[in-house]
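Everything below concerns the one structure shown next.
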Amino acid sequence: MIELNNIRENHKEIIKRLKIKNFDGEKLISELIDLDKKKREIQTENDALLNKRNTISKEIGNLFKSGKSEEANALKNETKSLNDNIQELKDSFSELESKIAEILYQIPNIPNADVPLGKTPEDNLTIFENGEIQELPENAKPHWELAKELDLIDFDLGVKITGAGFPVYKGKGAKLQRALINFFLDEAETAGYNEVIPPLLVNEESGFGTGQLPDKEGQMYHATEDNFYLIPTAEVPVTNIFRDVIIKKEDFPQKLTAYTPCFRREAGSYGKDVRGLNRLHQFDKVEIVQVQHPKNSYKALDEMIEHIKNLLEKLELPYRILKLCGGDLGFTAAITYDFEVFSAAQEKWLEVSSVSNFETYQANRLKLRFKNEAGKTELAHTLNGSALALPRIVAALLENHQTENGIKIPKALIPYTKFDTIN
RNA sequence: GGAGAUAUGGCAGAGUGGUCGAAUGCGGUAGUCUUGAAAACUAUUGUGCGGCAACGUACCGGGGGUUCGAAUCCCUCUAUCUCCGCCA
């Protein structure tokens, strides 16, 4: 969430910037400033009372020690009314505090000044395009047909075992998954990321830390018995490694990568868009996460973009990079770049990666800080990106690399699949 | 799942009602000494909130209670450890 200090000092600028996200923060923020002012007044008042009580208590102690119990008992009465007062102030203080928190949770991250204006995905800015969009043979098929014919993925079997959106990968289809995961992890390691294997279920606190909670619990599966959530992305457990951490500045940057399955409920979308691998409830993803000194976070973002470009080029897929417009930007992101690959047989672009800088928004929730040059604690910046999400990559690989003799595996991937064709 | 024990600063570890934000040791930082380093010595060294600051205030696993006053007493939750059971 946004830092209260920042809102106190720059509320006009913040309201203006939030408009890029099509978020009207005027009312909430003025309410916030009001509550904050009241809260500080109460604290000052209460601190003075507490000070008084502490002083008196000490005196009582001393009096008892020197045997003057009558005087001590007289003082006791004095603290009675003080305590009533203190309790009252304490109550209104915590009430104000929770009201403030509640409002802060409702305000999205401030978009970077560089974020383009716009309301819908159509307004996203294509900033880069690479790779030939190849001519496919006349009888080119979409991936769900290819997957069925080649017996790579069994969607119906998944329906039987669990439900729609939980496919079963078989034979070379399963091996292709494993190959991609290993390929992505190796590439991330080469780029300096340390691999971790985090839990796939997280507690409530972790959900708050990265911004899935409150309000967005609908996207997550919830194990109510133990109040755990199935992770929608490795971002959640991996970023929460740094919850409540003060890192040494020489430990910057922190670069982690993790392969995990991801679970998304994603209710409410039907039809062609969710066909085959386009949208699943369970899918595999390799995530990259960075914790950075604020000075370097945008450099790190560029580096992450380069990393993902490299992956797509090695997979020989035509892709483009979009800079998300304000309206399409996520709640917690300051800026986001989406990577899309072209699905030849479906004749559309599929999102395969999303790279974001959250600046201090998550760090503030996580209390992820470092000591700056002046010795003060300061919030770090967090970033993450998919590198990459598997299903749509698989879809694009099948569709784009289909030939009359089967599916051709890109050269970079053959050492991992140990086969060069699927037929 | 059953029984018992424990939870204190970066770490180890004292502290069982007031003078405790907390002894001591290790570690960190700065300095003295040294050509330099080590050793030794000296000082300093948690976090949040309010305040320009002085300073005030809160925090001893979390929450609640008793008390004029709680790290210390009571209740409760959670985590860890040991033993038993079960299991991969």
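Values in this document were obtained by computation on a predicted structure and should not be read as measured data. Throughout, protein chains are lettered first and strands after them, A, B, ... in sequence-line order, and every chain is numbered starting at 1.
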Taking the six-membered ring for Trp, are A/Y105 and A/F208 closer than 6.0 Å centroid to centroid?
yes
Can you check the distance between B/rA70 and B/rC84, where both ends of the measurement are the P atom (answer in whole Å)?
43 Å
Within the 4.0 Å heavy-atom criterion, would you say A/I56 contacts the bases, only the backbone, or no part of the nucleic acid?
nothing
To the side chain of A/R369, which of B/rC68, B/rG50, B/rU47 is closest?
B/rU47
Separation of B/rA58 atom P from A/I42 atom CD1, nearest Å, is 17 Å
Donor-acceptor side-chain pairing of A/Y193 and A/Q290 below 3.5 angstrom
yes
Quickly work out the A/N46 CG to B/rG51 C1' distance and round it to whole Å.
15 Å
Closest to the A/K371 side chain, choosing from B/rU47, B/rC68, B/rG56:
B/rU47
Under 4.0 Å, heavy atoms only, any strand: does A/N83 hit a base, just the sugar-phosphate, or nothing?
sugar-phosphate
Taking only residues two or more places apart in sequence or in another chain, which ones pass side chain to side chain contact (heavy atoms under 4.5 Å, CB included) with A/N310?
A/E187, A/K314
Should the heavy atoms of other residues, nucleotides or ligands under 6.0 Å from CD1 of A/I197 be counted, would the total exceed 12?
no
Counting side-chain heavy atoms from CB outward, which of B/rG51, B/rC68, B/rU57 is closest to A/K76?
B/rC68
Can you check the distance between B/rU67 and B/rA12, where both ends of the measurement are the P atom (answer in whole Å)?
37 Å
Specify the separation, in whole Å, of atom CG of A/N5 and atom C1' of B/rC49.
10 Å
Can we say A/K408 and A/D420 salt-bridge, meaning some charged N sits less than 4.0 Å from an Asp/Glu carboxylate O?
no
Measure from CG on A/L379 to P on B/rU47 and round the result to the nearest Å.
14 Å
For A/N54 and B/rG17, what is the distance between atoms CG and P respectively, to the nearest whole Å?
20 Å
Under 4.0 angstrom, heavy atoms only, what part of the nucleic acid is A/S57 near: base, sugar-phosphate, or nothing?
base
Is NZ or CZ of A/K248 both nearer than 6.0 Å to the six-membered ring centre of A/F370 and within 45° of the ring axis?
no
Output every pair passing ring pair (Phe, Tyr, Trp, His ring centres under 6.0 Å) with a member in residues 17-60 of chain A, not counting sequence neighbours, ordered by first then second residue.
none
What dot-bracket string describes RNA chain B from 5' to 3', counting Watson-Crick and G-U wobble pairs whose defining distances are under 3.5 Å, with [ ] for crossing pairs and | for pairs to another strand?
(((((((..(((.....[.....)))((((((.......))))))(((((....))))).(((((..]....))))))))))))....
Specify the separation, in whole Å, of atom CG of A/N77 and atom C1' of B/rU67.
14 Å
Using atom NZ of A/K52 as one end and atom P of B/rG56 as the other, report the distance to the nearest whole Å.
17 Å
Rounded to whole Å, the CG-C1' distance (A/D244 to B/rG46) equals 13 Å
Could you please name the option among B/rU57, B/rG48, B/rC49 that lies closest to any side-chain atom of A/T377?
B/rG48
Regarding A/N62, tell me which of base, sugar-phosphate or nothing describes its non-hydrogen contacts under 4.0 Å with the strands shown.
nothing
